[in-house]
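First up is the structure itself, then whatever we jot down about it.
Sequence lines set the chain letters: A, B, ... in the order given, protein chains first and strands last, and positions in each chain run from 1. Keep in mind that the numbers below use all heavy atoms, side chains included, and drop hydrogens, waters and symmetry copies.
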Amino acid sequence: MDVPLPHLDRPFDYLISAADDAVAQPGVRVKVRFAGQMVNGFLLERVESSTHAKLAYLDKVVSGERVLDPEIARLARAIADRYAGNLSDVLRLAIPPRHARVEAQPEPAAAEAAGDPAAEAARDAAAVAAHEATVEVARDAAAVASPDAGCGVADDAARDAVPDAPRDAARVVAADIKRAPDAVRDAALDAASDTAHVPVSEAASDVATDPVRHAIAEVPRDSGARPAPDVGVETAVSGTGWDDYPAGPAFLHALEQGRDARAVWSALPGEDWPARIAEVAAATVRGGRGVVVVVADARDLDRVDRALTKVLGEGRHVALHAAAGPSERYRRFLAASRRRVRVVAGTRAAMFAPVADLGLVVIWDDGDDLHAEPRAPYPHAREVLLTRAQLAGCAALVGGFARTGEAQLLLETGWAKEIVAGRDMLRARSPAVAPTGDDSQLARDPGAVTARLPSLAWQTARQALQGGAPVLVQVPRRGYLPSVACAECRMPARCPHCSGPLGLAGARAVPTCHWCGRAAAAYACPACGGRRLRASVTGARRTAEELGRAFPGVPVRTSGRDEVLDTVPGDAAVVVATPGAEPVAEGGYGAVLLLDTWALLTRADLRAAEETMRRWLSAAALARPGAAGGRVVVVADGSLAPVQALLRWEPGWFAARELAERRELGFPPAARFASLTGRAEAVAELLAAARLPQGAELLGPVPAPEDQERMLVRVSRGRAAELARALHEGAAVRSAKKAALPVRVQVDPAELL
DNA sequence: ATAATAACGAGA
DNA sequence: CTCGTTATTATC
């Protein structure tokens, strides 16, 4: 129901008139009278009776289009629960606005779809399942004397007029899921970890999602609908780019067999990753199941889109993204929901795409902050897709050049397996990486060379250009919040009490924690004992013209926020790009320069190091292999961990180190945070109403914009589900009391300053 | 928003 | 003790 009030976040039952009986199927949009006004909703399921005494009639069925897939309904509930949000908010993200004209238009490729026997069979199987589910619910439901259908006509008359007049009720809005699906997946992640364990409710011992039995990757799928996988035969799919990874062919094979293999994939430098994703998608389709692929931005989507067309052929998949416009967006949504295509690729909006008989979810570059949804309840695409894989019992692939702490946790808990290349393959493909100190200040000849380009960087670039190869220069974007670091050793300064980052309000101000607000007047660096702090300041962005002066006669191109280049030719040119906007060069770059790294590394964000690593690896991956002359120069101290990881091309080593450190400090994903933002009295009211789990740690308040404040709540991973429930209930108490002042509740807030 | 229901207080 | 009025609460 389209009422985003926490205390009304549950299904409501309505009677269905005889006239609506046929069209009132689960998943359709409906209009109902609710609290005196007409509201929109989705029909969740048909039940024979309701425990509610006096039911109203469904006002009308908006359209017979079943836009809310049962799988998505379950997923949406799980995501709402995980993020302490409302189902209606999640459904708004999951289902695009209706476009009546598009809905009425004939299917463009209807003939092809109708002729597909596999699709036909899938449809039948799904129909049977849906029917049984309804029966199951009806048997459980308490008997109730409900007024009959028939639009106001008396009982008997109605039954006479329409012999099969239904006496059904419709459950509108949400599935009556009795277990907490969030706990299921979290328990899976916790199963092998040392943190407290979430007790899985009895109802959750449902085999299909049993976390313990399915904690090992590549478990045969528990489904009678599909022939059991061939366990004994180890036929691997070969002849694809996945042959470069020891575990690759077996993963493809598992997908063809319809098994729920789950993997974290560290792509080789220079990898044509869209082609690899197309290959896993094709393998899943060969196995008779569907695929959802989520990438961070439109540029990545274009590449995946092209690769999918190449491998699957025309009209076999759709690309979903916001830029397409409302009607096109709805058209493509319908292509998936009507089972015309089995493969959907898209930006984060595609994470809820209704793909029938889902076999695989893929997320590329899960560290990109574009994967975090900015609308309530702020779900992250990686979490949505992994929850989806867990609930649907399908395969999952988390890929990237870099590896996030969350992906590392999936490996360490045994939820997923690693797909990485062997050492030799890695050596053959990696560019030669060298660190260099920033010696530019020492340049004798500042007029001839650009003032701030270190000599090694300059020499490397010149060499590549002379060889006729393009050079990529990565410069960070301006505007990162500077944080505070030790003036001696540049170690980021953290709060002695809660490990939050320290900030300096002014030049002479006492350093203060961004999380708990405590002043750290007597701060001493834990690494070197230094007592002086400095705020790191992003240096002035080097302009393309400055670089042009450094390399006279060479064309300089830029790719950044306003104009993003997809590709550049393989000729001598300097390409200046901000992170995430690096074009792919034909044949690879001869040299990649990573400049102004200090600004990246000292950002006032928990993920500064991880993010730096991600951006370096993504840029460095565009260089040629070292054997073909590919060079990477990173202007940073060679002893820093991210630099080390880049030199040896070991994203896994870095992620493991990072995760261990976060465990130590109580950072996500080792702990779970929630932030509450609002006016002080409102935040206090919510906290008073919420029964926070044991051991919940309150940090703050710190001031927030517009006269507001922010509180952080930290709990162990094992209590994460409890925390979300408590916050949702707290919000429900407040909304039931019609509390006027809003409080924004964010579980896993995108930025933890 | 609005309807039901509980709570309350004044006058019989 | 009843009736009329007002706060409270649930919203099929």
Check whether any side-chain heavy atom of F333(A) lies under 4.5 Å from a side-chain heavy atom of I95(A), and answer yes or no. yes

In whole Å, I'd like the distance from the CG atom of L8(A) to the P atom of dT9(C). 14 Å

Measure from OH on Y57(A) to C1' on dT11(C) and round the result to the nearest Å. 19 Å

Under the ring pair (Phe, Tyr, Trp, His ring centres under 6.0 Å) definition, can you give me all pairs with a residue in residues 16-40 of chain A, not counting sequence neighbours? F12(A)-F34(A)

Would you be so kind as to tabulate the donor-acceptor pairs closer than 3.5 Å made by side chains of residues 319-330 of chain A, with sequence neighbours excluded?
{"unit_1": "E328(A)", "atom_1": "OE1", "unit_2": "R331(A)", "atom_2": "NE", "d": "3.0"}
{"unit_1": "E328(A)", "atom_1": "OE2", "unit_2": "R332(A)", "atom_2": "NE", "d": "2.9"}
{"unit_1": "E328(A)", "atom_1": "OE2", "unit_2": "R332(A)", "atom_2": "NH2", "d": "3.4"}
{"unit_1": "Y330(A)", "atom_1": "OH", "unit_2": "E103(A)", "atom_2": "OE1", "d": "2.6"}

Separation of dA10(C) atom P from R734(A) atom CZ, nearest Å, is 18 Å

For L55(A) and D13(A), which heavy atoms make the closest approach, and how far apart are they? CD2-O, 3.6 Å

Between P of dT9(C) and NZ of K737(A), the distance in whole Å: 10 Å

For E45(A) and dC12(C), give me the distance from atom CD to atom C1', rounded to whole Å. 14 Å

Check DNA chain C against residues 27-35 of chain A and give the residues with a non-hydrogen atom under 4.0 Å, in numerical order. R33(A), F34(A), A35(A)

With I363(A) as partner, the option from R348(A), E383(A), H371(A), M351(A) fulfilling side chain to side chain contact (heavy atoms under 4.5 Å, CB included) is H371(A)

For the pair made of CE in M38(A) and P in dT2(B), what is the distance, rounded to whole Å? 14 Å

Are any non-hydrogen side-chain atoms of L410(A) and R262(A) less than 4.5 angstrom apart? no

What is the distance, to the nearest angstrom, from the NZ atom on K54(A) to the P atom on dT11(C)? 9 Å

What is the separation between atom NE2 on H52(A) and atom C1' on dC12(C), rounded to the nearest whole Å? 4 Å

